[in-house]
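Chain identifiers are assigned alphabetically (A, B, ...) following the order of the sequence lines, protein sequences preceding nucleic acid strands; residue numbering begins at 1 within each chain.
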Number of protein chains: 2
Amino acid sequence: MLYTLQRIYVQGETMSGHLQNLSETAPFRSCNHEFKVSCETCRLSRICLPLALNSTDLEQLENIIQRSKPLQKNELLCHEGAPFQSIYAVRSGAMKAYRTTSDGREQVTGFYFPGEILGMDGISESAHASSARALETSAICAIPFDSLEKLSALMPGLQRHLFQLLSREITEDQLLITLLSKNSADERVATLLLSISRRNARRQLSASQFRLPMSRVDIGNYLGLTVETISRAFSRMQKSGILRVDNKEIEILNHEALQLAANIPA
Amino acid sequence: MLYTLQRIYVQGETMSGHLQNLSETAPFRSCNHEFKVSCETCRLSRICLPLALNSTDLEQLENIIQRSKPLQKNELLCHEGAPFQSIYAVRSGAMKAYRTTSDGREQVTGFYFPGEILGMDGISESAHASSARALETSAICAIPFDSLEKLSALMPGLQRHLFQLLSREITEDQLLITLLSKNSADERVATLLLSISRRNARRQLSASQFRLPMSRVDIGNYLGLTVETISRAFSRMQKSGILRVDNKEIEILNHEALQLAANIPA
DNA sequence: TCGGCGCCATGATGCAGATCAACAGAGGTC
DNA sequence: GACCTCTGTTGATCTGCATCATGGCGCCGA
């Protein structure tokens, strides 16, 4: 592997000293140690950023990550237009990302669950392209991007992983574009439920029973539909025995039928 | 600057030797020298990948870029699912990217003009997530991604630029998502025309008079509308004196009115 | 305990854009 | 020049979702 040949380690002090006290994001000023949870012990480490790192590299990544007190429901993590400094990893809870249209309306561009990374749209303009808000009490890790950038130049595995993260965001946006452009209301709702179900499974949670962290308004906004349409879609699917819906509690009773409703061929 | 301190140059032979004969993409097997146009003399260099590089770095980038004979209209550049090896820069002509839905229909995800980069959605899965097809005779530069990755670990400017490119793709996809989710047919069409106009201006071409390289079907597909609706939108705008439309030839007669039609506040 | 508010569900109606259909013009082939 | 196919335009009709309106339920503070 050419990779390992090129690999260069920068020894402790020098590098991490530089990296540690770089940029700070507003809510992350508070003393780090209070909320210290190492990536190594975090049960999300296998699906989050640390994914591809050995323990030496992990320690360096560890040093730049900032943790702070959890965000309360509806609290803002970052605001579009604000200077871009960090990308964020969700540790617990759930977030929504949205951007404000020229006429002042909101467009929800994504929901983010534990282990997922958001805020990468800010890189290109050095300013956040979208805002992020907590859907429920959420713990967030902030990762100063210029530190991450420098680290990733030294760790090929990390660089590769970052490229992949950004690329994945692109393909997911493309899926949403396709969904909005080609699918009916019911198909969109079914697809979202399947997506949430799959992401729950990834975190060892139930794929068939969960609580939606977002409101019907947010779902409608995300899927390009009105609240009423979302509500009716849920009702229809409940009536046809695909789901059991109790407010935000969802139970998928027939996974195959839901896939069919999402227009995904078996 | 911490950047320059970390900068490491790998001398000619060793590195470039490694980098040159790595991955090959199907249409790029033919002898390179036939279509040799250096980035340095390419008039797109200021808006394309070389953007942030000095001449030393540029030479190294130069060495990994593969050029081949131009693609004919409708010719395929890459196919979704095919192993990902390169990202592509459009040198001349125009491309469309699209992905095939589970039920076999196409979703156009973007149009790409000279100086623009496509294919970055393939990074995350090591396989192209979308296909790309020439809308007219087009010259393409293929940039093997693993070589680019290695180079970018050595050139912070290049690494930064790549992150920005990926990030820009994300924000552009988000804009399309918003467009599809919130805007009327006329607004979508007007927005696309403004986008093409702006991108023409960037290449020193006329912002008010141009030829659309794509069909009405492609436009409709991209904007989540039918051909008929596109056609009617054009007719309406022509009738109201915003545009002159002659088949694929477009003249923007009233830029402000077009922005208004796109729902962009003055 | 009550009233107010946010969130959700459901019915009635309207409309933008899809669908269906017919035709016109451009460009290619024989 | 005759013919065909492909692409785009325009009209008539249909429909899925938006819009408008109403009411129920859970939650919170007074």
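- Between the OG atom of S208(B) and the NE2 atom of H255(B) there is a distance of 9.0 Å, given to the nearest 0.5 Å.
- Atom CD1 of residue I250(B) and atom CZ of residue F210(B) lie 6.0 Å apart, to the nearest 0.5 angstrom.
- The separation between M237(B) atom CE and dG8(D) atom P is 17 Å, rounded to whole Å.
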> Checking salt bridge (charged side-chain N to carboxylate O under 4.0 Å, His left out) for the pair E136(B)/R211(B): CA distance, chi angles, key distance, verdict?
Replying inline: CA-CA 11 Å; E136(B) 55 192 37; R211(B) 182 185 161 77; 5.4 Å; no
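- Rounded to an integer number of Å, the gap from L223(A) CG to dG16(D) C1' is 16 Å.
- Between the S102(B) side chain and the N263(A) main chain, a donor and an acceptor come within less than 3.5 Å of each other.
- Side chains of E172(B) and D173(A) form no contact here, defined as non-hydrogen atoms less than 4.5 Å apart.
- Separating the CD1 atom in I140(A) from the CD1 atom in I87(A) is a distance of 12.0 Å, to the nearest 0.5 Å.
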>> Please encode protein proximity along nucleotides 8-20 of chain C as a string of B, S and -, counting only heavy-atom distances under 4.0 Å.
In response: SBBBB----SSBB
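- To the nearest angstrom, C1' of dC6(D) lies 16 Å from CG of L135(B).
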When the side chains of residues 110-125 of chain B are checked against the rest of the protein, which donor-acceptor pairs come out under 3.5 Å, sequence neighbours left out?
| from | atom 1 | to | atom 2 | distance (Å) |
| --- | --- | --- | --- | --- |
| Y112(B) | OH | E169(B) | OE2 | 2.6 |
| E116(B) | OE1 | F113(B) | N | 2.8 |
| E116(B) | OE1 | R199(B) | NH2 | 3.0 |
| E116(B) | OE2 | R199(B) | NE | 2.9 |
| D121(B) | OD2 | Q174(A) | NE2 | 3.1 |
| D121(B) | OD2 | S130(B) | OG | 2.5 |
| E125(B) | OE2 | R168(A) | NH1 | 3.3 |

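- Results of the side chain to side chain donor-acceptor pair (under 3.5 Å) test with T100(A) over H79(A), R105(A), E106(A), E80(A) single out E80(A) as the only residue that passes.
- Taken over five-pair windows at either terminus, the axes of the helix from dT1(C)-dA30(D) to dC30(C)-dG1(D) are inclined to one another by 30° (rounded to 10 degrees).
- Spacing between atom CD of E249(A) and atom P of dC7(C) amounts to 17 Å, rounded to whole angstrom units.
- To the nearest angstrom, C1' of dG16(D) lies 12 Å from CD of E187(A).
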